[in-house]
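Accompanying notes for the structure given below.
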Amino acid sequence: GGSRNYAFFGELMAVAAGARGARGAVLHGYHRDTDMLEATDFPVYSMGAYGQDQGVRGRVIEYRTTIEVGPVTVQPGDLVVADSDGVLVVPQQVENKAVTEALEKASIESNVREALREGAMAKDVFQRFGVL
């Protein structure tokens, strides 16, 4: 996908994807049915909303294949994490290391947050924890 001529993902595709175990969708294109999608537990990250459906304008060419999204290569099995700040692709071969290090950093950030709440200066906190 990725056409700017239509939205290729909407409520019905979210229902179908969810029924097959998907936890969300990251699109290099547009979505539709925004109100319905926002009312579900199925997050969708896209280039924006567009009312024109896919209909006869698009078709599935491949699935479970390597894709390019801008400068990023995504391979089947890669971990894709998305939130309101953006999308991150973690290659499968470094997933365990990346997740372990991310959890360690989050734990350190909890200590940093507490030190800042207690009035510590940012410079001192960075020197102590190496994170800010």
Side-chain angles (χ1 to χ4, degrees):
S3 171
R4 290 186 167 82
N5 299 323
Y6 56 83
F8 62 93
F9 196 91
E11 176 198 8
L12 298 179
M13 293 301 293
V15 170
R20 287 165 180 76
R23 299 295 195 102
V26 176
L27 314 174
H28 188 57
Y30 296 108
H31 74 274
R32 57 179 275 125
D33 305 326
T34 303
D35 292 340
M36 299 297 280
L37 290 172
E38 287 178 352
T40 70
D41 267 347
F42 195 90
V44 175
Y45 302 89
S46 74
M47 296 169 75
Y50 189 47
Q52 180 65 60
D53 68 358
Q54 181 170 334
V56 298
R57 289 166 276 286
R59 63 188 172 94
V60 175
I61 298 169
E62 292 183 84
Y63 59 95
R64 294 191 185 111
T65 188
T66 300
I67 61 171
E68 300 282 330
V69 181
V72 178
T73 300
V74 185
Q75 306 220 19
D78 286 351
L79 175 65
V80 179
V81 181
D83 66 14
S84 57
D85 291 329
V87 178
L88 173 71
V89 178
V90 180
Q92 189 174 23
Q93 62 268 27
V94 297
E95 179 180 332
N96 288 336
K97 182 178 190 281
V99 169
T100 298
E101 290 180 7
L103 292 172
E104 288 171 0
K105 184 175 182 196
S107 177
I108 292 169
E109 285 179 347
S110 293
N111 294 330
V112 167
R113 186 178 305 105
E114 189 57 35
L116 291 170
R117 274 193 190 115
E118 292 173 358
M121 300 298 291
K123 177 183 172 190
D124 298 332
V125 169
F126 181 75
Q127 286 177 341
R128 180 175 170 199
F129 295 102
V131 171
L132 191 58

Which class fits the ring pair Phe9 and Phe42: parallel under 30°, tilted 30 to 60°, perpendicular over 60°?
parallel
Measure the shortest side-chain to side-chain distance between Val26 and Val89 over non-hydrogen atoms and say whether it is less than 4.5 angstrom.
no
Hydrophobic clusters here meaning ILVMFWY residues chained together by side-chain heavy-atom distances under 4.5 Å, can you tell me if Val44 and Val87 are in one?
no
Give a yes or no on whether a salt bridge exists between Lys105 and Glu101, defined as a side-chain N under 4.0 angstrom from a carboxylate O.
no
Rounded to the nearest 0.5 Å, how far apart are CD of Glu11 and OG1 of Thr34?
11.5 Å
Tell me whether Val131 is reachable from Leu103 by hopping between hydrophobic residues (I, L, V, M, F, W, Y) whose side-chain heavy atoms are closer than 4.5 Å.
no
Using the rule that Ile, Leu, Val, Met, Phe, Trp and Tyr join whenever any side-chain heavy atoms are under 4.5 Å apart, tell me whether Leu27 and Tyr6 fall into a single cluster.
yes
Considering all heavy atoms, the nearest Ala115-Val125 contact:
CB-CG2, 4.0 Å
What closest approach, in Å, do Asp78 and Gln75 show between heavy atoms, and which atom pair accounts for it?
OD2-N, 2.8 Å
Do Val72 and Met47 belong to the same hydrophobic cluster, where Ile, Leu, Val, Met, Phe, Trp and Tyr are linked whenever their side-chain heavy atoms lie under 4.5 Å apart, directly or via other members?
no
The reported gap from CG in Asp35 to OG1 in Thr40 (rounded to nearest 0.5 angstrom) is 11.5 Å
Measure the CZ-CD1 distance between Arg113 and Ile108 for me, rounded to the nearest 0.5 Å.
12.5 Å
Report yes or no: does His31 contribute a side-chain atom to a donor-acceptor pair with the main-chain N or O of Gly48 at less than 3.5 Å?
yes
If hydrophobic clusters are built from ILVMFWY residues whose side chains come within less than 4.5 Å, do Val94 and Val80 share one?
no
Kindly check if the number of other-residue, nucleotide or ligand heavy atoms within 6.0 Å of CG (Asp41) is above 12?
no
Rounded to the nearest 0.5 Å, the CG atom of Leu79 sits from the CG atom of Leu88 at a distance of 7.5 Å
Rounded to the nearest 0.5 Å, what separation is found between the OH atom of Tyr30 and the CD atom of Gln52?
13.0 Å
Straight-line distance of Met13 CE to Leu37 CG, nearest 0.5 Å
11.5 Å
Note: Ser46 and Gly29 closest approach over all heavy atoms is CB-O, 3.3 Å
Please give me the minimum heavy-atom distance between Glu95 and Val90, naming the atom from each residue.
CA-CG1, 3.8 Å
